[in-house]
Amino acid sequence: MPANKKNYYITTPIYYVNDVPHMGHAYSTLACDVLARFKRLDGYNVLFATGTDEHGMKIKQSAEKLGITPQALTDKVSQNFRDLCGAMNFSNDDFIRTTEERHIKACQHLWNVLVERGEIYLDKYAGWYAVRDEAYYSEDELRDGPNGKKIGPSGAEVEWMEEESYFFRLSAWGDKLLDFYAAHPDFVMPETRFNEVKSFVRSGLKDLSVSRTTFDWGVPVPGNEKHVMYVWIDALTNYLTVAGYPNDISTFWPADLHMMAKDILRFHAVYWPAFLMAAGIEPPKRVFAHGWWTVEGEKMSKSLGNVISPYALLEKFGVDGTRFILLREVPFGNDGDFSHANAMARINSDLANGLGNLAQRTLSFIYKNCEATIPSPSDLTENDKALLKKAQMDMLPAVRAELDIQKFNKALDAIWDVVNAANVYIDVEAPWSLKKTDTVRMNTVLYVLCEAIRCLAVIIQPVMPDSASQMLDQLKIAADGRGFDTLSASHAIKAGTVIDQPQGVFPRLVEEKAA
RNA sequence: GGCGGCGUAGCUCAGUGGUAGAGCAGAGGAAUCAUAAUCCUUUGGUCGGGGGUUCAAAUCCCUCCGCCGCCA
């Protein structure tokens, strides 16, 4: 790796393998993929990791029910998540599984460091436990049952349980966390989530149980094999494992961005930086908690039967269409509602009618009227220069600024400003009229349009890699000349380039007839 | 119960003291290169209700209603 290259490390959560991949998994990873692709094109050395969380009681029980080993189960289910990466065209550089040897080593090393520093101690975990729910409840959640026994909120009987457990001294880290938050005002985004995190920490932290003796499908605690690590240390440490821990991690650590849905924010924004600071490791630069999707105005749930599989979206909208609609409209961080009608409208309006038609009307005109050759420009008018400036100079900084704060919808707004400007330009300049009156001017207009389309195709690569590639192929742009460094006049498209008969890149979607 | 957020055009949202905005949808027109796509113009809002501060409030304060989040 060249020493002068900037590094960028971005992660998805590791997904629990007791589930099939759904739209939410695809969404988290997609957001990371777009950022990873953007940074690569923008000259960064990128490490983009995703993976699966494969330990725990539930996996063990599921495997028993199926009569297979936990390892066999996780091998199978983990593959579903790797398949999704292929189907969604994700460009992850690594796929971490918590059952891998490298991860077990990393966890045990981190554990030992925490023990040496006095941050982990052995004690008893005691509380009211409901066997049926596999959960502990606090005193004030309990009701008195009919036979004198206590009953948890779910109605399950609880009993007093004491279990030996290792604890992490989280209670000692509250003030240091608050200091860290104050010093890093962008550590958690969106801001409203950061407020929740701070408020949670301010309310006081209790030490955290970090081991279990009730099951053995996990990372063994070094020196006390009765215990396996409980979820937090095991799962979160994957981010260090991928960076090379316990070997030198300085290339990619601290991570630039941990991406996740809002339900697991606390673990990433409170426990994780506490573990890291306790171990003498710098916390990540940012954790981002995105929202959830509803469907046609309703929460996704198995009982409603409205859970959307990513594969259903891919079938209807294609890979790039799916990637586009998930990021185009909803402010990232907010919950979003997915509606079929809205998705159709967006794809047809922005992709088919907007960008797709712009490319098609331009290239088709050149193919028919200019002997399929991108014509040479003559003197540029103010109007020409204005469009070129937008596409070559202004667009990238605007998009970069938005993506640096994970505003995907705003970044796409900035790109579509240029799409719209190009459609205004073609109508104002009207090359089809110039064909009869001034072919020199017509050639200039067509050239300027080709260059604008080139810039647009280059910059949509992170969001719609295949479609962008098709457009760039049609413009005969070499595969190694598509980085963001080419967004400048010095890399402008070459006049004289002979093109093939153009094909529409974004076909218009037609509503299927009601079945 | 405590803390926080939201409520603006039919829909999705921007707008934090100075003449209410954008995109989509609707209406009218232009153009005919293109995937019946594009471009221009335009209809549409007592800015959740009420009260207050101010020369001036979507914006600041109080209160009520509704929705949501975090915590207990």
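All of these numbers come straight from a predicted model, not from anything done at the bench. In what follows, chains are A, B, ... by sequence order, proteins preceding strands, each numbered from 1.
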Closest listed nucleotide, where the reference is the side chain of [X] and the choices are [options]:
X: A:Trp432; options: B:A37, B:G5, B:U32; answer: B:U32
X: A:Arg361; options: B:C71, B:U32, B:A34; answer: B:A34
X: A:Glu196; options: B:G69, B:C71, B:C13; answer: B:G69
X: A:Asp427; options: B:C71, B:U35, B:C33; answer: B:C33
X: A:Val424; options: B:U38, B:G5, B:C40; answer: B:C40
X: A:Asn423; options: B:U38, B:C71, B:A34; answer: B:U38
X: A:Phe200; options: B:C71, B:U38, B:C33; answer: B:C71
X: A:Ser349; options: B:C33, B:C24, B:G5; answer: B:C24
X: A:Asn357; options: B:A34, B:C71, B:C39; answer: B:A34

>> Does the structure show a Watson-Crick or G-U wobble partner for B:G18, both distances under 3.5 Å? Name it, or say none.
In response: B:C55

> Mind checking who B:U32 pairs with, Watson-Crick or G-U wobble, both distances under 3.5 Å?
Replying inline: none

Just to be sure I understand the rule, does [X] reach a base, reach only the sugar-phosphate, or reach nothing, if contact means heavy atoms closer than 4.0 Å?
X: A:Arg202; value: nothing
X: A:Val201; value: nothing
X: A:Ala352; value: base
X: A:Ser364; value: sugar-phosphate

> Using 4.0 Å as the upper bound for N to carboxylate O, is an ion pair formed by A:Lys285 and A:Asp186?
Replying inline: no

> Is the closest basic N to carboxylate O distance between A:Lys39 and A:Asp404 below 4.0 Å?
Replying inline: yes

> Taking the six-membered ring of A:Phe180, is NZ or CZ of A:Lys176 closer than 6.0 Å to its centre and within 45° of its axis?
Replying inline: no

> If the C1' atom of B:G44 is compared with that of B:U8, how far apart are they to the nearest Å?
Replying inline: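 Between the two C1' atoms, the distance is 13 Å.
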
>> Is any side-chain heavy atom of A:Leu456 closer than 4.5 Å to one of A:Met395?
In response: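 Yes. Closest side-chain heavy atoms under 4.5 Å.
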
> Do A:Trp293 and A:Val330 have side-chain heavy atoms sitting under 4.5 Å apart?
Replying inline: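 Side-chain contact under 4.5 Å: yes.
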
